[in-house]
Amino acid sequence: AAALFRKPTTASKKYTRPPMSKLFTSLELSPEQFLHLQAAAKSYMLDPAYPDRYNCVGSKAKVDTDMVKLKLFGCVEKFLEDDGWGERCWGAGAEREQLSGTKNWRLRWPETRNKIVTSVTPLMRRMVTNERQRRYAIETRSKDKGGKSATAASPNQHKVQPPPQEEKQLPPEIDPK
């Protein structure tokens, strides 16, 4: 959450992807709303029941960037409209309206819907690229250790497992042998 309030440095300005603090300010949300939106975006984009969401974020290897952008735009639009996040965050009854009482917000749902979709798109893309980076790091580490690749391993392999229970042995005088 500290990254939300960090001022961008000259070094961070050279990257093509905006820093989280810039995403946060551009969306005109409270910190709590932003964190809820971020968590919802992550679960939406990484839902294993819908692999097309994960795949709608292109990679550098893919050539047809316009089609990839169009698919991602449609995916973000569905997230905001079908799951209700557009209305929840930028609608007339949104929390930001109730807290501040300000009526001069730049983003309003559904009036500025395309602007909101465009502003949320980098957040949705980041959820997928961060997950890809995490998986790549796990795979690279497992290869460095001489183990099998992480793609063949289960996604829960890095969770802490309880220690195996030892078999209880009966004292020799009670042992039925």
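The model shown is predicted, which means the values in this text are computed figures rather than measured ones.
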Which atoms form the tightest heavy-atom contact between [X] and [Y], and what is the distance?
{"X": "Cys56", "Y": "Met45", "value": "SG-CE, 4.0 Å"}
{"X": "Met124", "Y": "Val76", "value": "CG-CG2, 3.6 Å"}
{"X": "Asn114", "Y": "Thr118", "value": "O-OG1, 2.8 Å"}
{"X": "Val120", "Y": "Trp90", "value": "CG2-CH2, 3.6 Å"}
{"X": "Pro51", "Y": "Pro48", "value": "CD-O, 3.8 Å"}
{"X": "Leu80", "Y": "Val117", "value": "CD1-CG2, 3.7 Å"}

Return the [atom1] to [atom2] distance between [X] and [Y], rounded to the nearest 0.5 Å.
{"X": "Leu46", "Y": "Arg132", "atom1": "CG", "atom2": "CZ", "value": "10.0 Å"}
{"X": "Lys42", "Y": "Asn130", "atom1": "NZ", "atom2": "CG", "value": "8.0 Å"}
{"X": "Met20", "Y": "Leu123", "atom1": "CE", "atom2": "CG", "value": "5.5 Å"}
{"X": "Cys75", "Y": "Asn55", "atom1": "SG", "atom2": "CG", "value": "10.5 Å"}
{"X": "Phe24", "Y": "Leu35", "atom1": "CZ", "atom2": "CG", "value": "8.0 Å"}
{"X": "Leu27", "Y": "Ile116", "atom1": "CG", "atom2": "CD1", "value": "9.0 Å"}

Residue pairs, two or more places apart or on separate chains, that pass salt bridge (Lys or Arg N to Asp or Glu O under 4.0 Å) and touch residues 119-131: Glu131-Arg134, Glu131-Arg135

Worked check of side chain to side chain contact (heavy atoms under 4.5 Å, CB included) between Phe34 and Gln38: CA-CA 6 Å; Phe34 182 78; Gln38 187 177 9; 3.7 Å; yes

Partners meeting side-chain contact (heavy atoms from CB on, under 4.5 Å) with [X] (sequence neighbours left out):
{"X": "Tyr136", "result": "Gln133, Thr140"}
{"X": "Lys115", "result": "Arg106, Leu107, Thr112, Ser119"}
{"X": "Tyr50", "result": "Asp47, Asp52, Arg53"}

Side chain to side chain contact (heavy atoms under 4.5 Å, CB included) between Trp85 and His36, intermediate numbers included: CA-CA 10 Å; Trp85 282 98; His36 288 298; 4.1 Å; yes

